[in-house]
Amino acid sequence: MQREGCRMSGGVQEPAAAGMITLDDLDNMTDELGSDSAYNSNGSIEEETEPMEDGEQDRLLNYWQTVARGHQVEVPNEMAEPIHQLTRNRAEERQSVPFLLMSCKEKCGEVVYEKRQYGKAKWACIKMNEERYEQSICMGFMKLMRYICEQNSSGQYLGMTIPILTTVHTDEARNGLTRSVTVAYYIPNHLQEDPPQPTDQEIIIEEWPSTVVFARPFSGATNEESIMREISLLAELLESPDLCLQDTFIIAGYTNPAAANRRNEIWFLQRP
């Protein structure tokens, strides 16, 4: 991946994927909103039996705003409709980014890491540079969320794809992350040939080349501390970590934070 952008180079939820809202927060929200939305055993929101009323939409927005302020992030009122749409469509099957599994290293029946090849594909990307990692992720995804929810040239809801990717860079000493963060959304398969254009000029549609990654799963919140820990762990596990980029990594988020065991991955990118 080129350092100045969100392209991959080498050989690819929901605001909560950004680690902004905790399980306890969402449990409280479910209690407050009553039975209009309910989480199933996999942590996904079940489809509402009836359309959400304007009052319920406002309550959901207000909840997001309250939680986000605790992380020094402001959720604008214009997010009410995207939040509503994403919640309403959470029951639909989410399209996964296709890849070829090249090899898998296991230990005691558990996956240590996988080597995968992702094909050339188009992604909607936005680069953020906020003071805190969590702020960049939350604000970046809110912009992508508006693109997914009709703020595009087609005027249609595009549908969620997984994982949502976050590109991060380590500082020269590799002791922490730089402020440059890119959040990326995979364009659904049926729109790959002619992706709807964003109305937000900060969102860029890019075609990423075929890429080989080493992916290691981990659970829990994603923040600078957990990311640096996972980078160190995977570097120790790989037989030849020098074959990968040393300052650019990807965090892949698959599940929303209501899941009891959130599914994330750290990706190392193989050099070209």
Side-chain angles (χ1 to χ4, degrees), residues 1-12 17-19 97 99-100 102-103 105 112-141 143-144 161-187 202-218 221-254 264-272:
M1 177 175 292
Q2 296 176 350
R3 183 162 187 168
E4 67 274 16
C6 61
R7 289 185 186 275
M8 289 185 178
S9 60
V12 150
V97 182
F99 65 86
L100 172 66
M102 303 175 70
S103 63
K105 182 174 182 179
V112 178
Y113 64 81
E114 292 181 345
K115 183 178 182 180
R116 307 170 184 164
Q117 182 171 30
Y118 286 85
K120 181 174 66 174
K122 294 184 176 71
W123 294 74
C125 310
I126 185 161
K127 188 171 183 178
M128 305 300 295
N129 195 33
E130 300 300 319
E131 183 176 350
R132 297 173 57 201
Y133 170 82
E134 293 89 347
Q135 292 173 322
S136 289
I137 300 305
C138 184
M139 296 173 70
F141 186 78
K143 287 180 173 287
L144 290 177
T161 60
I162 54 174
I164 293 292
L165 301 187
T166 305
T167 305
V168 297
H169 308 285
T170 53
D171 55 31
E172 293 185 2
R174 294 195 67 178
N175 293 325
L177 302 178
T178 68
R179 290 173 59 176
S180 178
V181 171
T182 299
V183 187
Y185 159 78
Y186 176 77
I187 304 296
E202 292 184 350
I203 298 175
I204 300 174
I205 305 298
E206 294 197 8
E207 184 172 78
W208 293 358
S210 178
T211 307
V212 173
V213 308
F214 295 86
R216 172 176 167 78
F218 70 99
T222 55
N223 50 46
E224 183 168 356
E225 180 181 358
S226 66
I227 291 168
M228 292 304 300
R229 180 178 65 248
E230 295 301 325
I231 289 173
S232 297
L233 286 173
L234 184 51
E236 294 176 359
L237 292 167
L238 291 177
E239 296 177 358
S240 303
D242 291 341
L243 295 177
C244 301
L245 299 181
Q246 298 297 299
D247 65 351
T248 302
F249 307 90
I250 287 178
I251 296 89
Y254 290 84
N264 312 302
E265 291 175 342
I266 183 73
W267 290 4
F268 278 31
L269 308 178
Q270 183 170 291
R271 296 180 185 274

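Just so you know, residue 1 is the first one in the sequence shown, and it goes up from there.
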Evaluate the criterion side chain to side chain contact (heavy atoms under 4.5 Å, CB included) for residue pair Leu177 and Thr170; output intermediate values, then yes/no.
CA-CA 4 Å; Leu177 302 178; Thr170 53; 4.1 Å; yes
Using the benzene-type ring in the case of Trp, are the ring centres of Tyr186 and Trp208 under 6.0 Å apart?
no
Between the CD atom in Glu131 and the OG atom in Ser136, the distance rounded to the nearest 0.5 Å is 10.0 Å
Phe249 versus Trp267: any side-chain heavy-atom pair under 4.5 Å?
no
Do Asp242 and Arg271 pass the side chain to side chain contact (heavy atoms under 4.5 Å, CB included) test, and can you show the C-alpha distance, the side-chain angles, and the key distance before you say yes or no?
CA-CA 9 Å; Asp242 291 341; Arg271 296 180 185 274; 5.8 Å; no
Do Tyr254 and Asn264 have side-chain heavy atoms sitting under 4.5 Å apart?
no
Without hydrogens or angle criteria, can the side chains of Gln117 and Ser210 be said to hold a donor-acceptor pair below 3.5 Å?
yes
Check whether Tyr113 forms a cation-pi arrangement with Arg216 (NZ or CZ under 6.0 Å from the six-membered ring centre, at most 45° off the ring normal).
no
Glu202 and Lys143 ion-paired at < 4.0 Å:
yes
Take Ile250 and Thr166 through the test side chain to side chain contact (heavy atoms under 4.5 Å, CB included) and record every step on the way to the result.
CA-CA 5 Å; Ile250 287 178; Thr166 305; over 6 Å; no
Has the side chain of Thr248 got a donor or acceptor atom that lies under 3.5 Å from a matching backbone atom of Leu245?
no
Atom pair CD1/CD1 of Ile137 and Ile251 - distance to nearest 0.5 Å:
7.0 Å
Val212 vs Lys115, test: side chain to side chain contact (heavy atoms under 4.5 Å, CB included). Steps then yes/no.
CA-CA 7 Å; Val212 173; Lys115 183 178 182 180; 3.7 Å; yes
State whether the side chain of Asp171 and the backbone N or O of Asn175 hold a donor-acceptor pair below 3.5 Å, judged by distance alone.
yes
Starting at CD of Glu114, measure out to CD of Glu265 and round the result to the nearest 0.5 Å.
7.0 Å
Rounded to the nearest 0.5 Å, what separation is found between the CE atom of Met139 and the CG atom of Asn129?
11.0 Å
Does any non-hydrogen side-chain atom of Ile126 lie less than 4.5 Å from one of Thr182?
no
Hey, does Val183 have a side-chain heavy atom less than 4.5 Å from the side chain of Cys125?
no
Looking only at atom types and distance, does a side-chain atom of Arg179 sit under 3.5 Å from a main-chain N or O of Glu130, one as donor and one as acceptor?
yes
With a 3.5 Å distance limit and no angle check, can you tell me whether Thr211 reaches the backbone of Pro209 through a side-chain donor-acceptor pair?
yes
May I ask you to test the Tyr185-Ile203 pair for a side-chain heavy-atom distance under 4.5 Å?
no
With a 4.5 Å limit on heavy-atom distance, are the side chains of Phe214 and Leu269 in contact?
no
Using a 3.5 Å distance criterion without hydrogens, assess whether the side chain of Gln246 forms a donor-acceptor pair with backbone atoms of Cys244.
yes
For the residue pair Lys120 and Glu207, establish whether any side-chain heavy-atom pair is separated by less than 4.5 Å.
yes
Return the NZ to CD1 distance between Lys122 and Ile205, rounded to the nearest 0.5 Å.
9.5 Å
Decide yes or no for Glu224 and Ile227: does some side-chain heavy atom of the first lie under 4.5 Å from some side-chain heavy atom of the second?
no
Say you draw a straight line from OH of Tyr133 to OG of Ser180; how long is it, rounded to the nearest 0.5 Å?
12.0 Å
For Ile164 against Phe141, the heavy-atom pair lying closest together:
CD1-CE1, 3.8 Å
